[in-house]
Amino acid sequence: MSRVVGFIDLDAYYCACEVKQKPSLLAGKPLAVCMYETWKKSPDRSADMDRIVKSGGAGLIAVSYEARAMGVKRQMSANEARKACPELITVMVPTKNGKADLSLYKENGEKVVEILQEFAGIVEKRSVDEVALDVTDAAQKLLETTPKELVARQAVNVSHFADSEISLKASKISHEAARRGHEGQHEYTKNDDDEKNHLLKYSSFDYLLLAGAVVINNARKAVRERLGFSCSAGIAANKMIAKVGCGLHKPNQQTIVFPRSVAVLLKDLPLNRLPGLGGDLGNRISSQLNITTAGGLANISRSILLNAGFQDADNLLAAANGTLDEPVKNRANYKSFGSSKTFYKHPITNLTIADQWLSNFAQEIFDRIKNDRNQRNRAPTNVTISITTDKSHVTRTEKVHIGWSDSPQPIVRSAHRLLRRWAGTRTAHLDIVVLGLGVSNFIDLPANKASVMDLLTRNPLHQSKKPSSSAEIMQPSKKKRTIAELLYQQATTSTKKTTTVGKKDSSFFPSSNIDPEVFAQLPPEIKAELLDDRTRLLRQSAPSLGNSHLEQRQVKKKKKTATTTIDSFFAPRRPR
DNA sequence: CATTATTAAGGA
DNA sequence: TCCTTAATA
Ligand SMILES: [Mn+2]
């Protein structure tokens with residue numbers, strides 16, 4: 001069943017966030033965002049502070065279109081960039097507790113997703129500034145209420161088409177040039193070729209795509225008007241082609257790729273512009289098979305690909321032919337939170353210093369968790385540290401119980417334990433170059449902050465009327481006084497500190513005070529909640545009742561049924 | 001003097 | 001669970 005997919009990418013995103021912070025100073029200016037100078041020790045500068053750096057400055061990670069016009073490129077150092085463009089304004093990312101603080105960009109990105117959700121039934125957040133939308137339903141609805149010729153007229157007025165001369169020219173640009181903003185990338189100019197598209201005979205699916213383009217244009221307009229971010233988009237029958245189409249015309253433009261235009265679009269498209277082939281795999285394919293374009297790969301036979309060791313031949317060919325059809329996932333928010341820092345030239349040697357940084361990371365992550373769980377009633381159950389030295393990179397993971405805890409301590413303790421798991425007996429000469437901490441594997445929490453008593457007293461009748469006060473939590477209705485009361489009595493009689501009863505932490509019921517038989521009867525998520533984080537008996541996460549596992553369920557199901565599945569645009573497989 | 005910080009996913 | 005690859009700014 002064919003879908004209508006829109007792929008939206010925000011223009012010069014970090015720069016746009018900075019302009020939004022200080023429009024009077026930055027709007028319309030050649031602007032670049034750079035990393036902070038990691039090798040210097042300087043005071044933190046939060047998002048609302050002046051972060052303009054006049055000299056020095058690290059590598060550029062985002063460049064405004066005004067600056068691109070002057071020859072400033074991503075990945076240049078700030079000093080280098082000022083030579084190309086003396087008027088360039090360089091802003092460093094916000095810093096907090098001695099490290100980059102990217103929350104400004106993440107939070108704006110979440111606001112964008114919220115708006116886009118009004119326009120599409122299925123929304124997949126793909127990165128801090130990219131979103132894929134399945135707008136099939138919305139497009140169909142539009143065609144039900146509006147004459148298709150009118151829809152087509154509207155779409156043509158606001159869109160490029162992939163088979164126009166300027167689009168095909170853009171398709172031939174190198175991956176690198178396309179990413180940094182190639183020549184000829186400028187605000188929308190009406191194009192004769194695009195106009196001609198209006199005179200063509202459209203198939204019924206063409207009309208659906210055109211309707212999708214109108215929906216996407218409305219969505220982009222809403223983002224622009226309500227948040228001040230301009231964005232570009234591609235509209236096509238699948239996610240991969242929509243993304244490729246999105247890259248053709250920026251900024252503030254959108255491109256429609258009709259199915260009949262896919263072959264021309266891909267014919268001369270550099271192979272590494274296909275999503276998933278931008279790295280080693282694409283390079284190996286290029287060199288081993290002597291091809292440079294997606295069209296070139298499409299002409300290679302399956303057996304030759306297999307003989308060359310590319311086991312994923314079918315998917316490679318599907319990508320090269322633009323038929324790879326990975327559905328838009330229904331996932332509008334993050335699956336993991338992380339915090340990390342590079343200690344360039346000054347590796348961490350001492351265990352206690354590493355501990356301090358991990359605590360720092362944990363606090364940052366926990367702030368995000370609190371925010372997230374208030375909105376989505378979920379919390380992560382895995383903690384992972386990542387440690388890079390000159391010679392090695394390792395990750396270590398363990399389960400953690402966070403629930404509605406008000407403290408980052410469970411994460412801190414896990415992180416410190418994991419660090420020791422890696423360090424062994426060493427307390428010095430650790431030589432950590434990159435240290436990172438992350439949380440993942442979210443589970444749904446009960447719908448409000450009631451925690452244990454809420455879990456124990458819930459049933460279909462009770463669920464609609466949730467306890468809203470701590471008094472209610474402490475006095476479950478007579479009917480439900482089963483395990484809940486047993487536990488409650490045990491806790492309050494055997495523990496002197498009855499004042500902690502209202503706390504939403506697992507310390508409320510020290511596991512040592514719970515009758516093992518009663519404990520054994522509890523559902524796994526309650527066991528997890530009751531578990532003191534030092535008694536790490538439960539090794540697998542509790543099954544989720546809500547929908548934060550929806551996607552994982554789908555993935556599991558897919559793995560069972562299909563032999564070769566892809567989860568992203570592409571599932572690169574290494575040749576043997 | 002100097003990329004850095006995240007996120008997601010696949011394979012073993 | 002751990003490692004690797006690819007992607008974004
Ligand atoms: Mn972007």
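Quick note on labels: first sequence line is chain A, next is B, and so on, each numbered from 1. All values derive from a computational prediction rather than experimental measurement.
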Nearest whole angstrom, please: distance from the [atom2] of [N] to the [atom1] of [X].
{"X": "A:Asn382", "N": "C:dC2", "atom1": "CG", "atom2": "P", "result": "10 Å"}
{"X": "A:Tyr105", "N": "C:dA9", "atom1": "OH", "atom2": "P", "result": "13 Å"}
{"X": "A:Phe442", "N": "B:dT7", "atom1": "CZ", "atom2": "C1'", "result": "12 Å"}
{"X": "A:Lys125", "N": "B:dT6", "atom1": "NZ", "atom2": "C1'", "result": "11 Å"}
{"X": "A:Leu418", "N": "C:dT1", "atom1": "CG", "atom2": "P", "result": "10 Å"}
{"X": "A:Phe337", "N": "B:dT7", "atom1": "CZ", "atom2": "P", "result": "8 Å"}
{"X": "A:Lys106", "N": "B:dT7", "atom1": "NZ", "atom2": "C1'", "result": "9 Å"}
{"X": "A:Arg368", "N": "B:dA5", "atom1": "CZ", "atom2": "P", "result": "15 Å"}

Within a 6.0 Å radius of atom [atom1] on [X], are there more than 12 heavy atoms belonging to other residues, nucleotides or ligands?
{"X": "A:Asn307", "atom1": "CG", "value": "yes"}
{"X": "A:Gln75", "atom1": "CD", "value": "no"}
{"X": "A:Lys172", "atom1": "NZ", "value": "yes"}

Of all the choices, [options], which nucleotide is nearest to the side chain of [X] once you look at every atom?
{"X": "A:Asp280", "options": "C:dC3, C:dT8, C:dA6", "result": "C:dA6"}
{"X": "A:Leu102", "options": "B:dT6, B:dA2, B:dA9", "result": "B:dT6"}
{"X": "A:Ser336", "options": "B:dT6, C:dA9, B:dT7", "result": "B:dT7"}
{"X": "A:Thr342", "options": "B:dT4, B:dT3, B:dT6", "result": "B:dT4"}
{"X": "A:Val394", "options": "B:dA9, C:dC3, B:dA5", "result": "C:dC3"}
{"X": "A:Lys335", "options": "B:dA5, B:dT4, B:dA8", "result": "B:dA8"}

Is [X] touching bases, backbone alone, or none of the nucleic acid, heavy atoms closer than 4.0 Å?
{"X": "A:Ala62", "answer": "sugar-phosphate"}
{"X": "A:Lys243", "answer": "sugar-phosphate"}
{"X": "A:Lys345", "answer": "nothing"}
{"X": "A:Val33", "answer": "nothing"}
{"X": "A:Arg74", "answer": "base"}
{"X": "A:Ser339", "answer": "sugar-phosphate"}

Within 45° cone and under 6.0 Å: A:Lys345 NZ/CZ vs A:Phe343 ring: no
message: Given A:Ile385, which partner from the list A:Val394, A:Leu358, A:Thr397, A:Thr395 fulfils the side chain to side chain contact (heavy atoms under 4.5 Å, CB included) test?
response: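 When A:Val394, A:Leu358, A:Thr397, A:Thr395 are each tested with A:Ile385, the side chain to side chain contact (heavy atoms under 4.5 Å, CB included) holds only for A:Leu358.
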- prompt: May A:Trp39 be described as stacking on the base of B:dA2, applying a 5.5 Å centroid limit and a 30° limit on plane angle?
  reply: yes
query: Dot-bracket for DNA chain B, 5' to 3', counting Watson-Crick or G-U wobble pairs under 3.5 Å, with [ ] for crossing pairs and | for inter-strand pairs?
result: ...|||||||||
Can you see if the side chain of [X] gets near the phosphate of [N] - specifically, an N or O under 4.0 Å from OP1 or OP2?
{"X": "A:Arg421", "N": "C:dC2", "answer": "yes"}
{"X": "A:Ser127", "N": "C:dA7", "answer": "no"}
{"X": "A:Thr38", "N": "B:dT4", "answer": "yes"}
{"X": "A:Arg179", "N": "C:dA7", "answer": "no"}

- request: Measure up the A:Tyr13 and A:Phe229 rings against each other and bin them: parallel (under 30°), tilted (30 to 60°), perpendicular (over 60°).
  value: perpendicular
- request: Verify the distance criterion only: is there a donor paired with an acceptor across the side chains of A:Glu18 and A:Tyr105 at less than 3.5 Å?
  value: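 The criterion, which ignores hydrogens and geometry beyond distance, is satisfied for A:Tyr105 and A:Glu18.
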task: Quick one: list whatever passes side-chain contact (heavy atoms from CB on, under 4.5 Å) with A:Arg368, sequence neighbours left out.
output: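 Result, side-chain contact (heavy atoms from CB on, under 4.5 Å) vs A:Arg368: A:Lys106, A:Tyr334, A:Phe337.
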query: How would you list, by chain and number, every residue that makes a side-chain contact (heavy atoms from CB on, under 4.5 Å) with A:His175, sequence neighbours excluded?
result: A:Arg179, A:Asn272, A:Arg273
field: Given DNA chain B, 5'-ward residue of the pair A:Tyr36 and A:Ser77, judged by closest heavy atom
entry: A:Ser77
message: For the C1' atoms, the ones on C:dT8 and on B:dT3, what distance do you get once it is rounded to whole angstrom?
response: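 Pairwise C1' distance, C:dT8 against B:dT3, rounds to 14 Å.
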